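Remarks on the structure that follows.
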Amino acid sequence: MTKDTDTPAKERLRDADRSQGVIFSAARDEFAEHGLGGARMERIAERAGLNKRLIYYYFEDKERLFQAVLEQAYRQIREQERQLDLLALDPATAIRRLVEFTWTYYLDNPQFLTLLNSANLHKARHLQQSQRARELNSPLIATLGEVLERGRRAGSFRGGVDPLQLYISIAGLAYFYLSNNHTLSAIFGRDLMAPKARNERLSHMCDVIMGYVLRS
């Protein structure tokens, strides 16, 4: 009896999870393409192949959906960062691996950068309202701090490196280059997204970050 009554509830839960997953994917693409201001719930519903009322049922309005998409975007990058298992690596290897991962993730997920652009245009009010976003990001900084301290104790890293500032530098070196590649390529007359240029950029990023954290 219990098994029979549980089955419909589990099916409804699975259906809800599938529906929300489709909505997240459609909304991410819509927000990445048009920004928060230009995004339309009608197009999100069309992309998802779902009734618009169902999207409002789960997320109430476009603002809450945008916040949920941002949370999901951070959840995905942080989950992949955890898989790096940085604490199991030699400190220098861990920092280099994080730089390489960040660069590659941004290259492979350009919609992540455009979502951040849109969030910043709105002064990050959606993230400020999100306790979940802060909870997702804090463990990364704690892990990076532990890696830096291990390197300092081993004598390979300089002391006094702020893990938050270091992560912002890693992200910024990748983010600025990629989000501004069209203008930079036009101004300097070089295709900065050519394979050779991308490889040179990653090598430069590793040199800059490792040159900062390693003791001279």
Side-chain angles (χ1 to χ4, degrees), residues 70-117 119-121 123-124 127-128 130-185 187-188 190-216:
L70 288 174
E71 291 172 345
Q72 177 74 352
Y74 275 110
R75 184 180 299 110
Q76 289 172 341
I77 188 173
R78 297 299 171 245
E79 284 175 353
Q80 292 196 34
E81 282 168 344
R82 280 197 296 273
Q83 293 174 18
L84 299 175
D85 200 8
L86 297 178
L87 294 178
L89 302 174
D90 168 82
T93 302
I95 298 297
R96 183 176 292 274
R97 187 72 54 81
L98 181 60
V99 173
E100 293 169 346
F101 167 82
T102 303
W103 171 253
T104 302
Y105 189 89
Y106 287 2
L107 272 175
D108 293 343
N109 297 274
Q111 72 278 2
F112 180 68
L113 302 186
T114 52
L115 286 172
L116 295 187
N117 289 341
N120 276 293
L121 283 174
K123 302 187 185 301
L127 292 174
Q128 290 170 359
S130 173
Q131 179 66 28
R132 182 59 180 149
R134 289 189 290 275
E135 291 172 352
L136 286 166
N137 286 286
S138 294
L140 170 66
I141 302 306
T143 296
L144 189 52
E146 189 170 341
V147 170
L148 290 168
E149 178 59 17
R150 285 175 53 222
R152 186 196 65 80
R153 290 198 305 266
S156 57
F157 285 177
R158 62 194 290 270
V161 178
D162 183 329
L164 176 58
Q165 292 289 354
L166 181 63
Y167 182 74
I168 292 173
S169 293
I170 293 171
L173 285 168
Y175 178 88
F176 184 87
Y177 184 97
L178 294 173
S179 64
N180 293 276
N181 80 84
H182 295 296
T183 53
L184 292 171
S185 294
I187 290 170
F188 295 111
R190 291 173 56 182
D191 180 4
L192 295 181
M193 291 302 288
K196 182 175 183 292
R198 294 201 306 265
N199 290 336
E200 289 172 346
R201 182 59 182 178
L202 177 57
S203 178
H204 174 78
M205 287 171 57
C206 289
D207 288 346
V208 168
I209 295 300
M210 299 310 298
Y212 174 67
V213 298
L214 289 171
R215 292 186 63 181
S216 57

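It should be emphasised that the depicted structure is a prediction, and the values quoted were computed from it without experimental measurement.
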Would you compute the distance between atom [atom1] of [X] and atom [atom2] of [Y] and round it to the nearest 0.5 angstrom?
X: Leu98; Y: Ile209; atom1: CG; atom2: CD1; answer: 9.0 Å
X: Phe188; Y: Thr183; atom1: CZ; atom2: OG1; answer: 9.0 Å
X: Gln80; Y: Thr104; atom1: CD; atom2: OG1; answer: 10.5 Å
X: Glu100; Y: Leu84; atom1: CD; atom2: CG; answer: 10.0 Å
X: Arg78; Y: Glu71; atom1: CZ; atom2: CD; answer: 13.5 Å
X: Leu70; Y: Ser130; atom1: CG; atom2: OG; answer: 8.0 Å

Would you mind reporting whether [Y] and [X] have side-chain heavy atoms less than 4.5 Å apart?
X: Val208; Y: Tyr212; answer: no
X: Ser203; Y: Asn199; answer: no
X: Gln76; Y: Tyr105; answer: yes
X: Arg152; Y: Leu148; answer: no

Legend entry - Atom CZ of Arg158 with >12 non-hydrogen neighbours under 6.0 angstrom: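 Counting other residues, nucleotides and ligands, CZ of Arg158 exceeds 12 neighbours.
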Provide the closest heavy-atom pair for [X] versus [Y] in the form atom of the first, atom of the second, distance.
X: Leu192; Y: Tyr177; value: O-OH, 2.5 Å
X: Phe157; Y: Val147; value: CE1-O, 4.0 Å
X: Arg201; Y: Leu173; value: NH2-O, 2.8 Å
X: Leu107; Y: Met193; value: CD2-CE, 3.7 Å
X: Arg215; Y: Gly155; value: CD-O, 3.2 Å
X: Trp103; Y: Ala174; value: CE3-CB, 3.8 Å

Legend entry - Identified side chain to side chain contact (heavy atoms under 4.5 Å, CB included) partner of Leu144 from the options Val161, Leu164, Ile95, Asp162: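 It is Ile95, the one option of Val161, Leu164, Ile95, Asp162 that forms the side chain to side chain contact (heavy atoms under 4.5 Å, CB included) with Leu144.
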Inset, instruction - Give the C-alpha distance, both sets of side-chain angles, the deciding distance and a yes or no for side-chain contact (heavy atoms from CB on, under 4.5 Å) between Leu202 and Arg198. - result: CA-CA 6 Å; Leu202 177 57; Arg198 294 201 306 265; over 6 Å; no
Legend entry - Side-chain (Ser185) to main-chain (His182) donor-acceptor, under 3.5 angstrom: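 Side chain of Ser185 to backbone of His182, a donor-acceptor pair under 3.5 Å: no, none is there.
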Legend entry - Check: Leu178 main-chain N/O paired with Asn181 side-chain donor or acceptor under 3.5 Å: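 Such a contact is found between Asn181 side chain and Leu178 backbone.
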Inset, instruction - Given side-chain contact (heavy atoms from CB on, under 4.5 Å), test Ile168 with Tyr175 step by step and report yes or no. - result: CA-CA 10 Å; Ile168 292 173; Tyr175 178 88; over 6 Å; no
Inset, instruction - Apply salt bridge (charged side-chain N to carboxylate O under 4.0 Å, His left out) to Glu146 and Arg150, showing your working. - result: CA-CA 6 Å; Glu146 189 170 341; Arg150 285 175 53 222; 5.9 Å; no
Legend entry - Ionic contact status for Glu79 with Arg75, cut-off 4.0 Å: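 Answer for the salt bridge query: no.
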